[in-house]
Amino acid sequence: MSTDRYPFREIEAKWQGIWEETKQFQVHEDPKRPKFYCLEMFPYPSGRIHMGHVRVYAIGDLLARYKWMRGYNVLHPMGWDAFGLPAENAAIEHGVHPVIWTYENIDYMRSQLKRMGISYDWDREVATCDPSYYKWEQLIFIKMLERGLAYRKRSTVNWCPSCQTVLANEQVEDGRCWRCGSEVTPRDIDAWFFKITAYAEELLEWCDRLPGWPERVLTMQRNWIGKSEGAEFDLKVDGRPDLSIRVFTTRPDTVFGMTYAVLAPEHPLVDQIVRDGAERESVARFRAEVSRQSEIERTAADRPKRGLRLGAKVVNPFNNQPVPLFIADYVLMGYGTGAIMAVPGEDERDWEFAEQHGLPIIETVKRPDGWTGKAYTGDGVKINSGFLDGLPMTEAKRRATDWLVSRGLGTAKVNYRLRDWGISRQRYWGAPIPVLYCEKDGMVPEAEKNLPVALPRDVQLSGKGGSPLASVASFVNATCPKCGGPAKRETDTMDTFVESSWYFLRYCSPRYDTGMFEENAAAYWMPVDQYIGGIEHAVLHLLYARFYTKVLRDLGLTKIDEPFMALLSQGMVIKDGAKMSKSKGNVVSDDYVREKYGADTGRLFELFAAPPEKDLEWNDQGIEGASRFLNRVWRFVIAHLEEIKAAPDKVPSSLSEPGRAFRRTIHETIQRVTEDIEREFHFNTAIAAIMELVNALQTFESANAEGGPAASERAALIREAVETTLHLLGPFCPHVTEELWSQLGHRESVFKQRWPVADPAALQKTEVTVVVQVDGKVRGRLVVDVDAAEDRVRQLALGDDKVRPWVERRRVEKVVVVPNRLVNIVTRA
RNA sequence: GGGGGCGUGGCGGAACGGCAAACGCUAAAGGCUUAAAACCUUUUGUCCCCUCGGGGACUUGCAGGUUCGAAUCCUGCCGCCCCUACCA
């Protein structure tokens with residue numbers, strides 16, 4: 001290890017101590033100042049912070065410190081998403097209680113964040129496993145229960161056999177558990193749900209009103225909500241006046257192309273329709289076959305569609321034609337009505353099924369390119385469609401729906417793909433669901449005065465055999481809050497995504513003990529102005545938090561509609577071709593980087609190596625480069641301390657030509673860095689600009705010897721350049737800049753300085769270089785006065801020695817002059 | 001299958017439709033050193049010419065188009081990545 005690096009260990013410890021002692025980042029509501037709420041997604045306390053985690057904190061800290069310097073009152077809090085399975089699994093494997101495991105990790109990770117020098121207001125720290133935290137979501141649970149926004153229902157849920165718990169739809173990826181990767185199996189179970197579907201339309205609409213969010217996250221949310229508009233109507237079962245099947249379609253205009261209909265295999269009407277004994281048997285066999293397929297097989301691409309033809313027929317109400325009825329695995333009970341009209345001509349799935357089963361295909365939309373032997377799903381003129389003939393798709397949809405409505409046969413209908421959020425977890429380390437089951441009163445919510453329903457400490461954790469809480473007699477056996485008789489507690493706990501759905505509100509008044517959050521504090525700080533986190537939460541946490549915020553609003557607790565005004569989704573940190581993670585064994589530890597190079601260097605490298613939204617490849621040589629740069633800054637400032645301290649604090653009003661040029665570089669850098677941070681978060685180019693300034697500073701210094709004729713101009717400019725560099729670099733590398741700033745004799749923190757503003761006078765140019773092209777190729781350059789007359793620039797360009805040979809013996813067709821930039825001479829032979 | 005994104009030197013990456021390759025890394029040569037490290041200087045897209053000052057041609061996945069001018073806009077291919085998926 002080199003011993004030539006600047007003394008980062010001492011410096012970092014020193015300034016972290018000062019920030020902590022002076023409570024520099026502690027904030028209070030101050031209506032006189034503009035607020036800025038800067039938030040990074042809080043971590044799960046899983047162990048140790050590595051360089052894969054550092055990126056998000058480096059970005060958050062940069063923005064927070066920048067906003068401080070811009071005069072904002074900045075809320076920048078940190079806490080712990082402390083409930084969850086890894087704590088419980090650690091308990092099962094190593095016999096450590098989840099409380100101990102979790103708090104030990106929190107202590108270690110907190111110390112890491114402090115040694116990283118992130119500007120958190122540590123007085124606002126929260127841990128979601130603390131009863132004083134989850135008490136409030138238990139209260140909200142009860143209020144949601146009262147309003148029907150929380151409910152319990154037996155239903156088929158996603159079951160992870162390895163985690164031994166239910167998963168929400170959002171937590172199943174490719175038929176596998178998002179956490180452990182085990183194959184998810186369906187299971188019928190009594191489970192708790194939050195009625196997120198009641199907010200589907202609002203969640204979707206607001207996607208258009210979040211301009212600070214990345215488009216791809218909004219797209220993912222829109223797709224997840226999956227709105228589709230169409231019509232619902234009944235198909236009468238032929239010869240069975242008592243029975244009809246409700247179907248949903250987005251293409252009511254194609255109804256004359258229906259050649260069969262399909263029910264989901266588990267559709268309840270199947271049992272009523274099928275009465276014949278032999279047919280019942282084949283239905284049972286078919287159902288068994290379908291349910292034997294795993295989730296993964298079911299969703300595999302180009303899997304043949306399986307179906308069984310039933311004896312019954314159904315009647316198309318539009319033309320009174322009876323068509324055959326099937327049950328088939330490509331129709332899902334969970335969407336729409338679990339039954340469809342099949343239109344093979346205009347639906348690819350129906351086409352495939354019809355071909356396999358030899359069913360007729362009718363063309364009801366005139367193909368613009370003729371018959372292609374495939375389903376056609378595009379727009380076109382209706383044919384073979386009775387009263388719809390000749391109409392385009394949109395008009396035909398409307399007319400078909402009107403026809404159904406006017407006869408009382410159906411309705412217009414909007415469906416969403418979004419399902420209610422299953423929040424029951426059959427595990428220990430989570431917030432208990434605050435309800436009881438009383439023999440007399442049935443299901444009863446716990447009384448508010450009895451909250452929190454605390455998680456008992458003494459429990460046997462085996463990872464098997466249902467909810468661990470069920471075996472804790474002292475927890476289960478309780479008193480009914482309604483009748484005072486004996487009652488059993490609910491033993492499921494809440495999904496940990498419930499805690500993370502409102503922690504940003506808790507930070508506004510983290511010690512408030514008479515409610516979830518203090519109204520005025522939340523009104524002042526919320527919404528979050530800049531949220532920063534990984535793309536993996538695009539439809540998980542970010543959708544749940546939006547929903548939960550709207551529920552709190554409708555409960556009258558807050559006035560905000562959306563929790564996060566702007567979102568920055570940072571890319572992953574990659575090493576050896578994979579995301580840096582403990583499980584892959586490719587982590588670079590934060591402790592190691594901090595020991596070898598210092599926290600400032602590690603942060604600088606991660607901010608410099610790639611723009612924040614892109615993935616970042618870890619590179620051992622790259623961090624050497626970042627280290628080299630900071631050492632260069634350090635050595636320069638230390639070597640010039642006396643000269644800078646003795647320098648006038650104002651640059652002389654009249655400067656030599658090199659002095660003017662250098663001063664322009666200083667102020668252009670201010671402009672570039674400010675714009676790069678504000679616009680599009682181009683932190684990498686902001687750092688590049690600062691590096692260029694430092695390069696220019698070194699060139700200026702060596703070209704203008706000390707004690708020369710313009711000694712005071714030189715000193716003043718070096719001073720201005722150094723001070724500017726320290727201010728601009730401060731949010732990226734806070735410790736080294738604080739130290740150098742104080743070595744220059746300043747008493748006040750860098751972060752209490754005003755962010756520099758470019759001096760328009762310094763930016764003034766008197767001359768510009770104009771590129772001269774001939775037929776689009778650069779042939780020469782002109783130095784002309786700023787805003788020189790176009791005619792004059794044209795004459796100079798045509799007369800230029802370098803340009804003339806390219807124009808001679810050719811005819812000048814025209815000359816394009818872009819002021820202060822370029823001349824293009826267009827010629828012809 | 002659907003949706004979104006991307007494609008620029010040896011590498012990470014820069015470029016409001018206007019000088020492609022900023023900044024950094026790597027590599028090479030030189031300087032300082034007894035020596036190494038560190039540090040400093042120079043060179044570093046490809047090819048060609050050269051009187052050694054420089055000059056020229058080509059170059060942003062491929063093929064077209066729009067434009068005085070395209071890495072950037074449009075069309076069609078090729079390749080890669082992410083999301084999503086019998087959603088009727």
Side-chain angles (χ1 to χ4, degrees), chain A residues 1-5 173-174 214-220 222-224 226-228 230 247-251 254 261-262 264 298-305 328-332 334-343 346-350 352-353 377 415-419 535-536 538-539 571-572 604-605 608-611 613-626 628-629 631-632 635 672 679 682 684-692 694-695 698 702 769-781 802 813-818 821-827:
Chain A
M1 193 194 292
S2 160
T3 53
D4 298 35
R5 295 195 166 109
E173 296 167 350
D174 279 339
E215 199 48 46
R216 72 175 163 150
V217 173
L218 293 173
T219 303
M220 283 164 73
R222 286 190 193 103
N223 290 344
W224 189 259
K227 180 179 184 172
S228 55
V247 295
F248 171 71
T249 179
T250 54
R251 293 292 304 273
T254 63
V262 188
R298 264 183 84 104
T299 54
D302 45 271
R303 194 175 51 81
K305 295 170 174 36
D329 60 354
Y330 80 98
V331 173
L332 309 174
Y335 186 77
T337 59
I340 61 158
M341 66 169 203
V343 185
E346 280 81 34
D347 183 284
E348 283 162 12
R349 295 151 302 182
D350 295 344
E352 195 191 316
F353 189 83
T377 54
N415 265 326
Y416 300 90
R417 216 182 64 99
L418 184 69
R419 293 281 90 88
I535 189 75
E536 65 272 18
V539 282
M572 298 182 293
L604 183 69
F605 167 70
F608 177 61
E613 69 282 2
K614 281 189 76 168
D615 285 350
L616 168 106
E617 182 84 33
W618 181 262
N619 179 332
D620 290 330
Q621 273 106 41
I623 193 157
E624 289 285 349
R628 231 178 339 250
F629 171 69
N631 277 297
R632 213 144 53 82
R635 281 196 312 271
R672 285 170 65 189
R679 174 185 63 97
H682 285 170
N684 55 332
T685 52
I687 293 167
I690 299 171
M691 287 173 166
E692 283 182 70
V694 172
N695 291 346
Q698 291 188 311
S702 55
T769 302
V770 169
V771 171
V772 183
Q773 297 181 335
V774 178
D775 297 319
K777 292 211 183 340
V778 178
R779 299 301 180 188
R781 286 179 174 74
K802 294 251 177 57
E813 190 96 321
K814 72 173 178 180
V815 181
V816 179
V817 179
V818 182
R821 230 180 222 290
L822 167 142
V823 177
N824 191 12
I825 301 167
V826 185
T827 69

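Atoms considered below: every heavy atom in the structure, side chains included; atoms not considered: hydrogens, waters and symmetry mates. Residue numbering restarts at 1 for every chain, and letters A, B, ... go by the order of the sequence lines.
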Measure from CE on Met220(A) to P on rG4(B) and round the result to the nearest Å. 14 Å
If you look at every strand shown and take non-hydrogen atoms under 4.0 Å, does [X] touch a base, only sugar-phosphate, or nothing?
X	answer
Asn415(A)	nothing
Lys777(A)	sugar-phosphate
Arg419(A)	nothing
Gly625(A)	sugar-phosphate
Glu617(A)	nothing
Lys305(A)	base

Listing time: all N or O pairs from protein to nucleotides 7-11 of chain B that are below 3.5 Å?
none

Mind checking the [atom1] distance from [N] to [M]? Whole angstroms is fine.
N	M	atom1	answer
rG18(B)	rG13(B)	P	23 Å
rG17(B)	rG7(B)	P	15 Å
rU66(B)	rA70(B)	C1'	10 Å
rG12(B)	rC6(B)	C1'	16 Å
rG9(B)	rA22(B)	P	13 Å
rU34(B)	rU44(B)	P	32 Å

Should the ring pair Phe353(A) and Tyr330(A) be called parallel, tilted or perpendicular, given that the plane angle runs from 0 to 90° and is split at 30 and 60? tilted
With a cut-off of less than 4.0 Å, is there a side-chain N or O of Thr685(A) near OP1 or OP2 of rC23(B)? no
Could you work out which one of rA15(B), rA20(B), rU84(B) sits closest to the side chain of Arg417(A)? rU84(B)
In Watson-Crick or G-U wobble terms, with both distances under 3.5 Å, the base opposite rA57(B) is rU46(B)
Scan nucleotides 39-49 of chain B against the protein and return all N/O pairs shorter than 3.5 Å with their distances rounded to 0.1 Å.
{"unit_1": "rC39(B)", "atom_1": "O3'", "unit_2": "Arg635(A)", "atom_2": "NH2", "d": "3.3"}

Name the pairs: protein N/O against N/O of nucleotides 64-71 of chain B, kept only if under 3.5 Å.
{"unit_1": "rC68(B)", "atom_1": "O2'", "unit_2": "Asn824(A)", "atom_2": "ND2", "d": "3.1"}
{"unit_1": "rC68(B)", "atom_1": "O2", "unit_2": "Asn824(A)", "atom_2": "ND2", "d": "2.7"}

